[in-house]
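Structure first, then comments.
What you see is a predicted model; the values in this text were computed from it and never measured. Every chain is numbered from 1, with letters handed out A, B, ... down the list of sequences.
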Protein chains: 2
Amino acid sequence: MTDPAKPDATRSSLSKRRLKTWIRLLGVTRRAENHLREFLRVNHDTTLPRFDVMAALWRRRDGMTMTELSRALLVSNGNATAVVDRLEKDGLARRTPSVSDRRTIHVALTDEGLRQFEGLAADHEREVDALFAGLSDADLESLSDILRRALEKRETERDSG
Amino acid sequence: MTDPAKPDATRSSLSKRRLKTWIRLLGVTRRAENHLREFLRVNHDTTLPRFDVMAALWRRRDGMTMTELSRALLVSNGNATAVVDRLEKDGLARRTPSVSDRRTIHVALTDEGLRQFEGLAADHEREVDALFAGLSDADLESLSDILRRALEKRETERDSG
DNA sequence: GCTTAAAGTTTTAGACTTGAAGTTTTTCCG
DNA sequence: CGGAAAAACTTCAAGTCTAAAACTTTAAGC
């Protein structure tokens with residue numbers, strides 16, 4: 001358990017540093033999310049979850065199942081159902097029963113949904129650009145690298161666990 | 001508008017890279033949050049918002065006002081009220097009217113709240129440590145630096161805006 | 001055909017979250 | 001002093017979110 005080569009202070013400081021870094025990561029993410037939520041509400045009268053769903057559907061233009069959607073967004077399936085319900089009610093998304101597997105339902109943006117999202121996405125990208133304007137090209141490269149490594153580690157764990 | 005020194009592709013790729021990095025940041029954060037939520041639920045029968053509130057109250061042992069609490073957590077004041085309501089109902093937090101200002105209310109952990117949080121915090125730190133075990137000391141340093149810069153940029157904006 | 005399992009969706013109950021509106025108290029300023 | 005404005009907090013309505021249970025459809029085994 002104890003390692004003479006590494007005094008207690010060193011070991012504990014690494015763990016504490018991981019915790020501190022995580023808390024900072026969380027803080028930056030929440031601030032950015034809050035900013036974007038406000039932006040979407042004020043300028044486009046929509047919400048972050050709606051935007052996320054529309055973005056996922058836009059990326060998969062030919063439609064995706066509810067389960068694929070909830071997995072892509074890292075949210076529960078019941079949650080996805082509710083958001084899609086509201087989008088459908090507003091004429092922005094459409095559900096189509098699958099012909100090959102009568103259990104599944106394909107969701108896709110309507111023409112109006114596509115049109116609306118494209119305007120939204122351009123503004124959103126500008127906003128994110130401004131939000132992270134303080135980060136240089138090198139910063140972005142480095143940040144992406146580190147985050148990718150953090151992600152990979154976890155997926156390896158999931159595979160073997 | 002156009003800058004001959006920087007071709008369109010270059011300018012747009014920087015904006016796109018910021019967007020991609022933000023999406024990755026969001027993904028990593030959500031994955032970690034989901035993991036920690038599950039951990040708290042299964043091992044300690046509690047939730048992330050409760051943990052966050054307790055952590056804030058633990059850091060400020062002598063108590064803090066509801067407004068300080070909601071600002072520290074980056075959530076709305078109505079939200080803070082609801083979470084503290086539940087903690088109070090469970091005997092983990094206590095509200096005390098301020099004597100100097102009858103509008104404000106001081107919130108603090110009870111003895112039981114303190115005791116419970118200390119167990120929680122130790123486990124939570126271990127979990128975060130494992131979650132980010134893939135990140136080296138240098139990674140953490142670099143990540144912290146970059147995030148601090150992203151944060152500073154935004155606060156400067158808020159001051160001058 | 002019948003049972004069981006698998007894949008997917010929906011429902012339910014409860015917690016969380018926000019923004020806005022409302023109450024009480026304090027501060028500011030004439 | 002007295003009224004307006006601001007601040008702290010709560011309450012409310014609507015939406016978001018999760019986990020777990022219920023339900024539907026399909027597939028597999030007997």
Side-chain angles (χ1 to χ4, degrees), chain A residues 29-31 33-54 56 63-90 92-93 95-107, chain B residues 26 29-31 33-54 56 63-90 92-107:
Chain A
T29 303
R30 285 195 181 156
R31 257 177 242 274
E33 271 191 303
N34 285 347
H35 181 99
L36 291 173
R37 186 198 323 284
E38 166 96 358
F39 169 76
L40 287 174
R41 183 176 60 85
V42 171
N43 294 50
H44 292 282
D45 193 33
T46 188
T47 66
L48 215 37
R50 283 171 76 106
F51 179 81
D52 286 346
V53 167
M54 290 182 82
M64 61 200 300
T65 69
M66 293 297 285
T67 295
E68 284 172 335
L69 183 61
S70 64
R71 289 203 182 135
L73 266 43
L74 303 177
V75 302
S76 69
N77 41 11
N79 179 6
T81 294
V83 178
V84 169
D85 279 353
R86 280 183 277 271
L87 287 177
E88 199 170 27
K89 189 160 63 69
D90 293 346
L92 300 173
R95 280 179 168 100
T96 317
S98 163
V99 282
S100 60
D101 186 340
R102 269 186 289 181
R103 293 173 300 182
T104 75
I105 286 188
H106 290 280
V107 200
Chain B
L26 198 53
T29 303
R30 283 192 182 160
R31 257 177 241 274
E33 272 191 304
N34 285 347
H35 181 98
L36 291 173
R37 186 198 325 284
E38 164 100 356
F39 170 76
L40 288 175
R41 182 176 60 84
V42 170
N43 295 51
H44 293 282
D45 193 33
T46 188
T47 66
L48 217 35
R50 283 170 77 107
F51 179 81
D52 287 347
V53 167
M54 292 182 83
M64 60 199 301
T65 70
M66 292 297 287
T67 297
E68 284 173 335
L69 182 62
S70 63
R71 289 204 181 133
L73 266 44
L74 303 178
V75 301
S76 70
N77 42 9
N79 181 5
T81 294
V83 178
V84 169
D85 279 353
R86 281 183 278 268
L87 286 177
E88 199 171 27
K89 190 160 63 66
D90 293 346
L92 300 173
R94 180 179 34 232
R95 280 177 167 100
T96 316
S98 162
V99 281
S100 61
D101 185 340
R102 269 187 291 181
R103 290 172 304 180
T104 75
I105 286 190
H106 291 280
V107 201

Atom [atom1] of [X] and atom [atom2] of [N]: how far apart are they, to the nearest Å?
X: Arg103(A); N: dA27(D); atom1: CZ; atom2: P; answer: 6 Å
X: Arg102(B); N: dT10(D); atom1: CZ; atom2: P; answer: 16 Å
X: Leu40(B); N: dA15(C); atom1: CG; atom2: P; answer: 16 Å
X: Asp101(A); N: dA27(D); atom1: CG; atom2: P; answer: 7 Å
X: Met54(B); N: dC16(C); atom1: CE; atom2: C1'; answer: 17 Å
X: Ile105(B); N: dT26(C); atom1: CD1; atom2: P; answer: 13 Å
X: Phe51(B); N: dC16(C); atom1: CZ; atom2: P; answer: 14 Å
X: Met66(B); N: dA7(D); atom1: CE; atom2: P; answer: 18 Å

How does protein contact run along nucleotides 13-22 of chain D, one letter per nucleotide 5' to 3', with B for base contact, S for sugar-phosphate only, - for none, heavy atoms under 4.0 Å? --SSSBSS--
Phosphate OP1/OP2 of dC9(D): any Thr65(B) side-chain N/O under 4.0 Å: yes
Is Thr81(B) near enough to dT10(D) that one of its side-chain N or O atoms lies under 4.0 angstrom from OP1 or OP2? yes
Let me confirm one number: the [atom1]-[atom2] distance from [X] to [Y], rounded to the nearest 0.5 Å.
X: His106(A); Y: Thr65(A); atom1: NE2; atom2: OG1; result: 7.0 Å
X: Met66(B); Y: Asn79(B); atom1: CE; atom2: CG; result: 9.0 Å
X: Leu48(A); Y: Leu36(A); atom1: CG; atom2: CG; result: 6.5 Å

For Thr104(A) and for Asp85(A), locate the closest nucleotide of DNA chain C by heavy-atom distance; then report the residue assigned to the nucleotide nearer the 5' terminus. Thr104(A)
Categorize Arg71(A) for me: base, sugar-phosphate, or nothing, with a 4.0 angstrom heavy-atom threshold over every strand shown. nothing
Which pairs of donor and acceptor atoms, one on a side chain in residues 83-90 of chain A, lie under 3.5 Å apart (sequence neighbours left out)?
{"unit_1": "Asp85(A)", "atom_1": "OD1", "unit_2": "Arg95(A)", "atom_2": "NH1", "d": "3.0"}
{"unit_1": "Asp85(A)", "atom_1": "OD1", "unit_2": "Arg95(A)", "atom_2": "NH2", "d": "3.0"}
{"unit_1": "Glu88(A)", "atom_1": "OE1", "unit_2": "Arg95(A)", "atom_2": "NH1", "d": "2.7"}
{"unit_1": "Glu88(A)", "atom_1": "OE2", "unit_2": "Arg95(A)", "atom_2": "N", "d": "3.2"}
{"unit_1": "Asp90(A)", "atom_1": "OD2", "unit_2": "Arg50(A)", "atom_2": "NH1", "d": "3.2"}
{"unit_1": "Asp90(A)", "atom_1": "OD2", "unit_2": "Arg50(A)", "atom_2": "NH2", "d": "2.8"}

Residue pairs meeting salt bridge (charged side-chain N to carboxylate O under 4.0 Å, His left out), one or both in residues 63-73 of chain B, sequence neighbours left out, come to Arg60(B)-Glu68(B)
Do Thr46(A) and Met54(A) have side chains that approach each other closer than 4.5 Å (heavy atoms only, starting at C-beta)? no
Of all residues at least two apart in sequence or in a different chain, which pass the side chain to side chain contact (heavy atoms under 4.5 Å, CB included) check with Asn43(B)? Phe39(B)
Side-chain donor-acceptor pair present, Asn34(A), Arg31(A), cut-off under 3.5 Å: no
Please tabulate the protein-to-nucleotide N/O contacts below 3.5 Å involving nucleotides 1-5 of chain C, giving atom names and distances.
none

Test side-chain hydrogen bond (donor to acceptor under 3.5 Å, both in side chains) applied to Arg103(A) - qualifying residues, sequence neighbours left out: Asp101(A)
